Amino acid sequence: MNRIIAIVNRKGGVGKTTTAVNLAATAAAAGKKTLLVDFDPQGNATTGYGIQKENGQPTIYDVITGQGTIREATRSILGNIQLGVIPSTADLSGAEIELVNTRNREFRLRERLKHIEQEYDWILIDCPPSLGLLTVNALAAAHGVLIPLQCEFYALEGLSQVLKTIEIIKKNINKSLEVDGIILTMHEQHNVHNQEIEKEIRDHLGTLTLETVIPRDPVLNTAPRFGRPGVWYHPWSPGALAYQNLTLELLQKEMQS
């Protein structure tokens with residue numbers, strides 16, 4: 001069964017795009033035919049795979065505004081038949097304004113994904129760090145949500161707003177939407193504050209918090225400079241191994257559901 005997963009957090013710098021890029025790579029390596037949709041105008045997931053933002057080549061902006069098809073916008077990565085990426089550019093930032101008076105504007109992405117969703121096992125959507133129309137589109141299209149959460153106090157405040165938004169979307173727009181899990185990121189094992197925050201999150205949210213914890217790892221920050229996910233750039237680094245474990249955990253959850 002195919003699954004569309006939105007990767008969401010209203011805060012920036014929490015490891016959202018890092019999670020999207022590396023999870024797509026590890027899912028494909030695990031045999032899941034995977035599509036990564038860069039739905040963030042910053043386009044970091046696009047550059048994270050070394051995709052050049054060429055003029056005239058369709059992007060996700062063209063797809064949701066009806067100027068290009070979703071197949072035209074999908075790029076293959078190094079001939080990997082298991083992995084595709086739909087890139088983004090800064091043009092996407094104008095889509096929220098352009099679509100404001102469009103009927104059913106919150107379903108634009110879902111309508112486009114219907115054309116290809118049966119061709120993939122997992123479709124991952126990297127959302128912008130906001131809860132605006134783009135993120136609403138992603139949540140309207142998704143079956144599940146992954147929420148990367150940095151192990152710091154202020155992250156908890158943002159989490160409550162994200163969960164509230166998901167509940168609103170579930171009630172009014174997408175009744176099948178579920179939270180697949182919260183991913184603790186940028187964790188420092190020997191940092192007492194990080195350990196306290198992790199305990200608080202797990203005590204409060206229970207099994208909603210995934211077992212796998214993503215450590216703070218310079219490799220994950222360096223790899224995008226070379227247009228590669230960390231799991232390709234240095235597959236034995238702590239961060240890369242953590243993302244491999246995260247994929248296994250998600251696969252196990254999927255089998256159990």
Side-chain angles (χ1 to χ4, degrees), residues 3-9 11-32 34 36 44-45 48 82-83 121-127 129 142-153 155-156 158-159 162-163 166 178-224 228-257:
R3 190 159 184 82
I4 301 174
I5 303 170
I7 301 174
V8 175
N9 196 309
K11 283 174 60 65
V14 298
K16 180 179 54 60
T17 298
T18 299
T19 295
V21 167
N22 285 281
L23 187 58
T26 51
K32 289 284 187 183
T34 304
L36 173 60
N44 290 335
Q82 290 292 104
L83 177 62
D121 299 308
W122 281 7
I123 297 176
L124 305 178
I125 308 171
D126 182 28
C127 297
H143 303 117
V145 184
L146 289 173
I147 307 171
L149 188 69
Q150 189 175 354
C151 293
E152 62 174 31
F153 175 76
L156 296 173
L159 175 63
V162 171
L163 293 174
I166 291 169
E178 301 289 346
V179 177
D180 286 342
I182 294 166
I183 308 164
L184 300 179
T185 63
M186 302 183 188
H187 187 276
E188 297 177 12
Q189 184 177 359
H190 302 295
N191 185 312
V192 174
H193 178 65
N194 277 193
Q195 294 172 3
E196 291 172 348
I197 293 295
E198 178 182 358
K199 183 178 185 304
E200 184 176 349
I201 292 169
R202 293 191 185 280
D203 288 346
H204 183 62
L205 297 169
T207 56
L208 203 60
T209 309
L210 296 171
E211 288 297 321
T212 305
V213 174
I214 309 301
R216 190 178 293 277
D217 182 356
V219 166
L220 299 177
N221 297 326
T222 302
R228 298 168 65 85
V231 295
W232 291 355
Y233 178 69
H234 195 332
W236 303 112
S237 71
L241 291 172
Y243 276 113
Q244 293 171 46
N245 289 335
L246 175 63
T247 302
L248 292 175
E249 182 176 356
L250 293 172
L251 289 172
Q252 289 172 353
K253 285 190 66 174
E254 186 176 67
M255 292 176 61
Q256 293 166 3
S257 62

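Values in this document were obtained by computation on a predicted structure and should not be read as measured data. Numbering of residues begins at 1 and proceeds along the displayed sequence.
- For the atom pair I7 CD1 and L23 CG, the distance stands at 5.5 Å (nearest 0.5 Å).
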Go through I201 and L149 one step at a time and tell me if the side-chain contact (heavy atoms from CB on, under 4.5 Å) criterion holds. CA-CA 10 Å; I201 292 169; L149 188 69; 3.4 Å; yes

Could you go through the salt bridge (Lys or Arg N to Asp or Glu O under 4.0 Å) check for K32 and E254 one step at a time? CA-CA 12 Å; K32 289 284 187 183; E254 186 176 67; 2.7 Å; yes

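- For N194, the side chain to side chain donor-acceptor pair (under 3.5 Å) test picks out no residue, with sequence neighbours left out.
- Listed by first then second residue, pairs satisfying ring-ring contact (aromatic ring centres under 6.0 Å, His included) with a partner in residues 234-257 number zero, not counting sequence neighbours.
- For the atom pair SG (C151) and CD (E198), the distance works out to 6.0 Å, reported to the nearest 0.5 Å.
- The CD atom of E196 lies 9.0 Å from the CG atom of N191; values are rounded to the nearest 0.5 Å.
- The side chain to side chain donor-acceptor pair (under 3.5 Å) search around E249 returns T212, not counting sequence neighbours.
- Within the 4.5 Å cutoff, no side-chain heavy atoms of I123 are placed close to those of T34.
- Side-chain contact between I182 and L210 is absent, with no heavy-atom pair separated by less than 4.5 Å.
- By the side-chain contact (heavy atoms from CB on, under 4.5 Å) test, D180 is found to be paired with R3, I5, L146, residues two or more places apart in sequence or in another chain being considered.
- Separating the OG1 atom in T185 from the CG atom in L246 is a distance of 11.0 Å, to the nearest 0.5 Å.
- R228 pairs by the salt bridge (charged side-chain N to carboxylate O under 4.0 Å, His left out) definition with nothing, not counting sequence neighbours.
- With rounding to the nearest 0.5 angstrom, the CZ atom of R202 is 10.5 Å from the OG1 atom of T207.
- Across every non-hydrogen atom of L251 and A30, the tightest pair is CD1-CB, 3.9 Å.
- Looking only at side-chain heavy atoms (C-beta outward), I147 and L159 come within less than 4.5 Å of each other.
- A pairwise comparison of heavy atoms in C127 and A6 identifies SG-CB, 4.2 Å as the closest pair.
- Residues satisfying the side chain to side chain donor-acceptor pair (under 3.5 Å) criterion with N44, sequence neighbours excluded, are absent altogether.
- Looking only at side-chain heavy atoms (C-beta outward), K199 and H204 stay at 4.5 Å or farther from each other.
- For Q82, the side-chain contact (heavy atoms from CB on, under 4.5 Å) test picks out A28, K33, N80, with sequence neighbours left out.
- Nearest heavy-atom pair, Q150 versus G13, reported as atom, atom and distance to 0.1 Å: OE1-O, 3.3 Å.
- Other residues, nucleotides and ligands place more than 12 heavy atoms under 6.0 Å from the NE2 atom of H193.
- For E178, the side chain to side chain donor-acceptor pair (under 3.5 Å) criterion is met by K170, not counting sequence neighbours.
- No side-chain heavy atom of L220 sits under 4.5 Å from any side-chain heavy atom of Y233.
- With sequence neighbours left out, the side-chain contact (heavy atoms from CB on, under 4.5 Å) criterion links A25 to Y49, P229, V231, W232.
- Here P238 pairs with P215, D217 under the side-chain contact (heavy atoms from CB on, under 4.5 Å) rule; sequence neighbours left out.
- In this structure, OG1 in T19 is found 10.5 Å from CG in L124, a value given to the nearest 0.5 Å.
- Residues N22 and T26 have side chains not in contact (no heavy-atom distance under 4.5 Å, counting atoms from C-beta outward).
- E200 pairs by the salt bridge (charged side-chain N to carboxylate O under 4.0 Å, His left out) definition with nothing, not counting sequence neighbours.
- Judged as a salt bridge (Lys or Arg N to Asp or Glu O under 4.0 Å), the pairs with a partner in residues 15-30 (not counting sequence neighbours) are, in order, K16-D40, K16-D126.
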